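Report on one structure; see the data block that follows.
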Amino acid sequence: MAANQKRKKVINVRSRRPINIDKVFFGAVAVYICVVCYMGLTSEHIAGYEVEAGTLTENHTYTGFAVRPETVYYADTSGYVSYYARAGERVSGASLIYTIDERGETNELIQQNAQEADLSDEDYSAIRSEIRSYTEEYSDLNFSDVYAFQTSVESSVMDLQNQSMLESLEEAGEDAMFSRVYAGGIGILEYYMDGYEGITVDTLTEDMLDEDTYERQDLKKDIVQAGEPVYKLSTSEKWSLIVPLTEEEAAEYQEEGTEYMEVEFTRDHTTAWADFSLIQVGSTTCARMDFNNSMVRFADLRYIEVEFMVDDEAGLKIPNTAIVEKDFYLIPKAFLVEEGDEQGFLREVYDENGQASAEFVNMTLYSEDEEYYYVDPRETDSVTGEEKLPIGSYLILTDSQERFQVGMTGTLQGVYNINKGYTQFRQIKILSQNEEYTLVEEGTSYGLTVYDHIVLNGETVDEDEIIY
């Protein structure tokens with residue numbers, strides 16, 4: 001009984017709470033998101049660029065010096081001048097250019113009659129038609145047509161004035177103090193002079209190529225003195241345009257063997273072909289273009305702006321900021337060995353006993369020149385992960401005792417391709433370049449193709465760097 005009455009000792013054991021899996025999972029996700037956000041905010045963003053095919057817009061517009069046969073004509077007597085032919089008109093020996101009145105009385109009568117010239121309904125209709133035609137075809141893109149229109153209207157008005165003036169000449173009759181002057185030859189008439197009328201291609205000097213120092217004299221005036229220049233004639237459709245070039249441009253045309261050039265004149269957007277050659281004017285290499293036509297439209301200009309109608313090269317367009325340089329080992333071509341479909345070199349190795357032997361090493365040939373192959377110093381063995389050609393290694397020439405120590409380097413230009421999520425060097429061959437973009441050749445070995453993604457700023461990353 002006593003034993004049964006003995007109180008039993010009860011020990012309470014605190015049970016563990018079950019782990020809340022949901023809280024652990026969402027907590028881990030929250031930590032991950034925080035880490036990613038921190039890395040995104042603190043790490044440098046690597047911008048990419050998609051390679052596209054295209055061309056570079058290059059400026060082929062130049063200003064050239066016009067060389068043409070020109071003859072200046074001078075007044076024989078002094079007096080008041082009246083002009084009867086307009087500038088830019090083709091004249092001959094039968095064309096009345098101007099008259100000189102030594103007293104001024106006849107000249108005053110002629111000028112008065114010209115100002116009082118009556119226009120017929122037909123005359124007004126012709127002028128209105130000309131104005132209407134111009135306004136209908138006007139375009140801001142061809143603003144230079146304004147000058148052609150102005151010249152045309154002035155020509156029409158002057159023709160009407162000339163008819164009245166010629167009638168006045170008949171009324172004036174013969175006067176010893178009044179003389180008529182006809183064209184001294186056949187050519188395009190101009191009323192200006194710049195001192196370059198006697199210049200030929202052989203006598204052209206370098207300072208004449210500078211348009212900023214150019215000055216010209218207007219020959220039209222009310223009173224002329226004996227011996228003063230009055231007008232000039234451009235006497236041949238054969239003329240030359242001398243255009244200064246950069247050394248790079250001259251070398252390119254020389255290499256291409258350019259003999260003919262089509263140009264567009266920016267003044268009126270007409271085109272013409274010319275014989276093309278390179279000449280030296282002082283220290284400046286120039287393009288000489290010889291024309292057989294078009295002179296009549298530009299006889300009033302000494303400096304003429306033209307655009308060379310040349311085709312721009314096509315290729316892959318990349319930003320200049322993407323371009324980097326990488327060092328490669330230079331290996332003489334004579335050491336190349338081919339084993340089946342593989343290419344590589346024989347590397348000198350030693351066994352445990354110090355015995356030398358030759359081991360074939362398969363290598364990727366990135367590029368080549370006349371003497372050397374370019375191989376990547378970072379190229380590793382896919383099995384061991386070791387560099388295939390450590391610096392200082394010796395290569396053996398087949399069937400010879402000649403050896404070559406690896407270490408000499410050269411550089412190749414390229415970009416970092418990121419198609420696989422990490423940076424891979426891809427070499428480029430530059431075709432042309434401007435301030436922002438470079439045009440590279442498509443289809444080069446270990447190069448680029450359209451739609452490849454590259455690092456926009458190549459200097460911000462290293463090779464084999466993980467991007468994403």
Side-chain angles (χ1 to χ4, degrees), residues 53-69 139-145 147-148 196 199-202 204-214 234 236-317 320 429-442:
T55 61
L56 289 185
T57 302
E58 298 186 35
N59 183 16
H60 300 295
T61 301
Y62 307 89
T63 299
F65 183 96
V67 178
R68 52 184 169 247
S139 170
D140 290 337
L141 299 176
N142 297 322
F143 185 76
S144 58
D145 292 345
Y147 303 106
Y196 295 147
I199 295 299
T200 65
V201 173
D202 295 330
L204 182 67
T205 59
E206 194 169 5
D207 60 295
M208 296 178 186
L209 300 173
D210 184 7
E211 187 179 5
D212 293 336
T213 62
Y214 179 67
S234 298
S236 175
E237 275 290 316
K238 293 185 177 181
W239 60 291
S240 301
L241 192 66
I242 311 302
V243 174
L245 301 174
T246 64
E247 293 182 3
E248 293 77 11
E249 291 169 335
E252 181 178 347
Y253 291 125
Q254 179 71 36
E255 182 179 354
E256 294 176 354
T258 305
E259 296 182 353
Y260 304 96
M261 179 67 69
E262 184 182 17
V263 302
E264 178 181 300
F265 298 100
T266 57
R267 183 189 203 183
D268 57 7
H269 302 290
T270 58
T271 60
W273 282 92
D275 293 332
F276 184 95
S277 60
L278 296 176
I279 62 172
Q280 202 70 24
V281 180
S283 60
T284 303
T285 303
C286 298
R288 171 180 176 173
M289 290 176 290
D290 297 322
F291 295 89
N292 293 320
N293 53 40
S294 306
M295 186 276 295
V296 61
R297 301 198 309 276
F298 307 103
D300 60 324
L301 298 178
R302 181 62 63 188
Y303 295 91
I304 303 173
E305 188 176 79
V306 295
E307 180 180 356
F308 289 5
M309 306 297 287
V310 296
D311 294 330
D312 292 328
E313 286 187 288
L316 300 179
K317 186 177 178 181
N320 294 342
K429 182 178 180 181
I430 295 178
L431 299 175
S432 59
Q433 198 170 35
N434 61 23
E435 295 180 356
E436 297 183 16
Y437 292 95
T438 296
L439 201 68
V440 302
E441 187 175 300
E442 184 175 8

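In this text, all values refer to a predicted model and were calculated from it rather than measured experimentally. Along the sequence shown, the residues carry numbers beginning at 1.
Taking every heavy atom of both residues into account, Ser234 and Ala299 meet most closely at OG-CB, 4.0 Å. Across every non-hydrogen atom of Asn293 and Ala272, the tightest pair is OD1-CB, 4.0 Å. Between Leu301 and Ala66, the shortest heavy-atom distance links the atoms O-CB, 4.2 Å. In this structure, Ala274 and Phe291 approach most closely via the heavy-atom pair CB-CE2, 3.5 Å. For Arg68 against Phe298, the heavy-atom pair with the smallest separation is NH1-O, 3.3 Å.
Residue pairs satisfying the side-chain hydrogen bond (donor to acceptor under 3.5 Å, both in side chains) criterion with at least one member in residues 280-289, sequence neighbours excluded, are listed as follows: Glu206-Ser283, Glu206-Thr284, Gln280-Thr285, Arg288-Asp290.
At a threshold of 4.5 Å between non-hydrogen side-chain atoms, the residues Val281 and Phe65 do not count as touching. Using a 4.5 Å heavy-atom cutoff, the side chains of Tyr260 and Asp275 are in contact. At least one side-chain heavy atom of Leu209 sits less than 4.5 Å from a side-chain heavy atom of Leu204.
A donor-acceptor pair under 3.5 Å is absent between the side-chain atoms of Glu264 and the main chain of Val306, judged by distance alone. Of the possible donor and acceptor atoms, none in the side chain of Ser240 sits under 3.5 Å from a partner among the backbone N and O of Val67.
Once rounded to the nearest 0.5 Å, the distance linking CD of Glu252 with CG of Leu245 reads 10.0 Å. Atom CE of Met289 sits about 4.5 Å away from atom CG of Leu241, to the nearest 0.5 Å. For the atom pair CD1 (Ile242) and CD1 (Ile199), the distance works out to 11.5 Å, reported to the nearest 0.5 Å. A distance of 6.0 Å separates CD in Glu305 from OG1 in Thr61, rounded to the nearest 0.5 Å. Atom-to-atom distance recorded for Arg297:CZ and Thr270:OG1 is 3.5 Å, nearest 0.5 angstrom. Atoms NZ and CE, from Lys238 and Met295 in turn, are 12.5 Å apart once rounded to the nearest 0.5 Å.
Relative ring orientation between Tyr214 and Tyr303 is described as perpendicular, the plane-to-plane angle rising above 60° on a 0-90° scale split at 30° and 60°.
For CD of Glu255, the number of neighbouring non-hydrogen atoms (other residues, nucleotides, ligands) closer than 6.0 Å is 12 at most.
A donor-acceptor contact closer than 3.5 angstrom links the side chains of Gln433 and Thr438. For the residue pair Asp202 / Thr200, no side-chain donor-acceptor distance below 3.5 Å is found, with atom types taken as modelled.
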task = Apply side-chain contact (heavy atoms from CB on, under 4.5 Å) to the pair Glu249 and Phe308, showing each step before the final yes or no.
result = CA-CA 12 Å; Glu249 291 169 335; Phe308 289 5; over 6 Å; no
message = Before you tell me yes or no, could you show the steps for Val263 and Tyr62 under side-chain contact (heavy atoms from CB on, under 4.5 Å), namely the whole-Å CA-CA distance, both residues' side-chain angles and the distance that decides it to 0.1 Å?
response = CA-CA 10 Å; Val263 302; Tyr62 307 89; over 6 Å; no
message = Test side-chain contact (heavy atoms from CB on, under 4.5 Å) on Ile304 and Arg267; report intermediate values, then the result.
response = CA-CA 8 Å; Ile304 303 173; Arg267 183 189 203 183; over 6 Å; no
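Tyr253 is linked by a ring-ring contact (aromatic ring centres under 6.0 Å, His included) to Phe276, counting only residues two or more places apart in sequence or in another chain. Checked against salt bridge (charged side-chain N to carboxylate O under 4.0 Å, His left out), Arg302 has the following partners two or more places apart in sequence or in another chain: Glu70, Asp194.
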